[in-house]
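Written below as structure tokens is the structure these notes are about.
The analysis underlying the following values was restricted to heavy atoms, covering all of them including side chains, and did not include hydrogens, waters or symmetry mates. We name chains A, B, ... by the order of the sequence lines, and we start the count at 1 in each one.
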Protein chains: 2
Amino acid sequence: MADKKNLLIIGAGGVAQVTAHKAAQWAKEFGTLHIASRTKSKADDIVTSLRDKGHKMPFQTYALDAMDSKAVAGLIRKLDAGVVINVGSAFINMTVLQGCIDAGAAYIDTAIHEEPDKICETPPWYANYEWKRREAVEKAGITAVLGAGFDPGVVNAYARFAEDEYFDKVDSIDIVDINAGSHGKYFATNFDPEINFREFTGTVYAWQGGKWTENKMFEVGREWDLPVVGKQTAYLSGHDEVHSLSARYKDADVRFWMGFGPHYINVFTVLQSLGLLSEQPVKTAEGQEVVPLKLVKSVLPDPASLAPNYTGKTCIGDLVKGKGPDGKDGEVFIYNVADHKDAYNEVGSQGISYTAGVPPLAAAVLIARGDWDVKRMANVEDLPARPFLELLGEMGLPTRVIDATGDHPI
Amino acid sequence: MADKKNLLIIGAGGVAQVTAHKAAQWAKEFGTLHIASRTKSKADDIVTSLRDKGHKMPFQTYALDAMDSKAVAGLIRKLDAGVVINVGSAFINMTVLQGCIDAGAAYIDTAIHEEPDKICETPPWYANYEWKRREAVEKAGITAVLGAGFDPGVVNAYARFAEDEYFDKVDSIDIVDINAGSHGKYFATNFDPEINFREFTGTVYAWQGGKWTENKMFEVGREWDLPVVGKQTAYLSGHDEVHSLSARYKDADVRFWMGFGPHYINVFTVLQSLGLLSEQPVKTAEGQEVVPLKLVKSVLPDPASLAPNYTGKTCIGDLVKGKGPDGKDGEVFIYNVADHKDAYNEVGSQGISYTAGVPPLAAAVLIARGDWDVKRMANVEDLPARPFLELLGEMGLPTRVIDATGDHPI
């Protein structure tokens, strides 16, 4: 047991809860298990939910200001943590990564770094923060896996899987994310409203014809007919994975499509048109400075509160087109279907948190086992896809493929 | 000149601007002219707009905290003001009225008193604040005319006009307010958004069958076919005048209908459903306390800013049904049509401010002349209607009637 890596999870929201439950299920892969959060009581709540599901492992909890890289490094050293999973807010990536570099631990995150007062910076987004630390990561000899949630993350592995097992040349990657679930509220976002809306208020960047193209949100829509969830309209959206896949697949078109119903679009359009999704403060008649987006967040349901009544399924997959070894054009749809109710029954979270929280734990297991311990910074598509996808299948996120032979598991 | 009453206008928003312009046009009716506002520079801006229209009268401006009744009384005494027009926020009615009682000046307002943290109190609303001061007003020997804008105000006079000139018994009064104008913005309210939304977030009270009935906003809609503006859908709404007319016309049904297009209703519904129209503070994740309605107000266009590009017309009127001297059932529609562009050209304001800002000046003239100087508290329907409506015709708000003989001026 002594040579097993200790695991530190940073963050204690809905996604962190899933990651912690999976870590408890896969505890044999690690040494000791730890969770740190700005608010220790939130980490304690996760431990309570673990105990409710019958887990008896010794999960320790800590209060941590993850914006302070010295504090992060200090905790890593104190715990001798070998792998850190950052499932906290997207604002802490750079300080947590720095802590890992300083203390020599492997780093995993699930979403791109963001600065609170900036939305939708110059593409490719990874070049603005994460990739600037490539050299420092390599010099420190640590492994840093970026964007290892579902999307980004698993969908990046789907693209790599298509490259590895189907095509000599990839011509296009269309990632489609459909949540056909129902939470029964007037309106809610599936994860932190602040981050959720920030995804859609800026320019929609896609990589097409070898260059960045720009659209507005909801400008380009397309109907998809997908397994289980059926016909659904999805809209060209800005999303992290486009900003790394476009580097590996320079000659392919890379697009991200997210499904939205007319009600979501209407509420979003009203809020955005009025300026209520702005991350820039406004001043009230009384002179109070308020960031509209933060107020909107405070009136919306806590995404974690949706879980008990969430029903229905998600389908997230990659339609990849390319030229096979025979030189002929082909296409393959690689996907996963997840169920909100199943997720809640297993780990007490809704399906969106489940699909985001399981993959970073799979990445941590692969690093702990050595399969992915590459001692450099990597996006998921830079790493072998099959071991990741097979492990995800064991962990509850099976991958299926629709190819020339039909619809089957990988 | 010495026996003419000095006029003090309190408030310096869009409605106050109209009242001030009309006062300048009718300066011969008064002694000296004064405007006081919390922010003196806003009163100064109105004087500038008066000078731009060629008025040369000596309008003096003052900074005044109208929530302080002693300060109000002090200013009235200092100026020897005989008539005070309160066209400030609806939160200052009680302190301004008290100042008038203490200093012995006539009082006029255009909207019912409101407390910032209360919405839609027990009906009749006037009984909660204004009517409690009846005795004090009578004892002080001053005249206090309540709700002397357009609606409430002119529409109350329309009801009284129907009583005086058409019916022995009034059976129903349906007040219909249609703004068929266009301001070219995504969304805007025609007066202070805070007051505007507060009108629609509570219970819709109507007086029907001799008792208060309750509905929700947008629950009861009806199509009207009105002069100039044509077919328009209006919704049963809560409004001040229902709460005084129901006292004078106990045996009649009294309803207020306001026109809304589907876009307004959609934006309103989204904001209200999310809790963004609440007057109760919420706490953000960062711990800041914010009143959602105040933030929404801050992101919406200033109603005064709509004026330059506002086009189209308003139609506001009363459909009154009753029994005539011959004992037969009859009905009459008494109404005014106003034009946004004309209002802007004349006084630099949009039509909604115009219709609200002219009537209190007409009331002030009638008090100054003695016609309405009744030395007690009165709602507009308690006062002779014809002199008011005839003076409004001279001031730019002509009244027309559709009766058995056709559509004609009064």
Side-chain angles (χ1 to χ4, degrees), chain A residues 12-13 37-39 42 67 88-91 116-117 184-189 191-197 201 262-304, chain B residues 12-13 37-39 42 67 88-91 116-117 184-189 191-197 201 262-304:
Chain A
S37 168
R38 185 171 48 181
T39 312
K42 289 185 72 182
M67 301 286 271
S89 113
F91 306 139
D117 59 345
K185 306 269 183 188
Y186 173 77
F187 185 83
T189 56
F191 56 103
D192 185 347
E194 201 174 346
I195 303 299
N196 189 258
F197 285 129
T201 48
H263 176 64
Y264 185 103
I265 296 174
N266 180 47
V267 171
F268 175 87
T269 303
V270 167
L271 294 177
Q272 185 178 34
S273 300
L274 294 179
L276 287 169
L277 300 185
S278 173
E279 80 290 1
Q280 300 293 333
V282 297
K283 202 177 256 188
T284 69
E286 292 74 21
Q288 187 184 24
E289 286 216 342
V290 181
V291 174
L293 184 52
K294 289 187 184 292
L295 176 77
V296 169
K297 172 177 171 171
S298 76
V299 300
L300 292 182
D302 177 351
Chain B
S37 169
R38 185 171 49 180
T39 313
K42 289 185 73 183
M67 302 286 272
S89 112
F91 306 138
D117 59 345
K185 306 269 184 189
Y186 173 77
F187 184 84
T189 56
F191 54 103
D192 184 346
E194 200 175 346
I195 303 299
N196 190 258
F197 286 129
T201 49
H263 176 63
Y264 185 102
I265 295 174
N266 179 47
V267 171
F268 175 87
T269 303
V270 167
L271 294 177
Q272 185 176 35
S273 300
L274 294 178
L276 288 169
L277 300 185
S278 172
E279 79 291 1
Q280 299 294 333
V282 298
K283 203 176 256 189
T284 69
E286 291 74 21
Q288 187 184 26
E289 286 216 344
V290 181
V291 173
L293 183 51
K294 290 188 183 291
L295 176 77
V296 168
K297 172 178 170 170
S298 77
V299 300
L300 292 182
D302 177 352

- prompt: Knowing that exactly one of A/L295, A/V296, A/V291 qualifies, which makes a side chain to side chain contact (heavy atoms under 4.5 Å, CB included) with B/L295?
  reply: A/L295
- request: Among A/V270, A/L276, A/V267, find the one that has a side chain to side chain contact (heavy atoms under 4.5 Å, CB included) with B/L274.
  value: A/V267
query: Taking only residues two or more places apart in sequence or in another chain, which ones pass side chain to side chain contact (heavy atoms under 4.5 Å, CB included) with B/Q272?
result: B/T201, B/F268, B/L277
query: B/K297: what forms a salt bridge (charged side-chain N to carboxylate O under 4.0 Å, His left out) with it, not counting sequence neighbours?
result: B/D192, B/E194
task: Sort B/K283 into side chain, backbone, both or neither according to what part of it lies under 4.5 angstrom from a heavy atom of chain A.
output: backbone
- prompt: Does B/Q288 use its side chain to pair, donor to acceptor, with the backbone of A/E289 at less than 3.5 Å?
  reply: yes
task: Name the option with the most non-hydrogen atom pairs under 4.5 Å to chain A; the candidates are B/G275, B/S298, B/S273.
output: B/S273
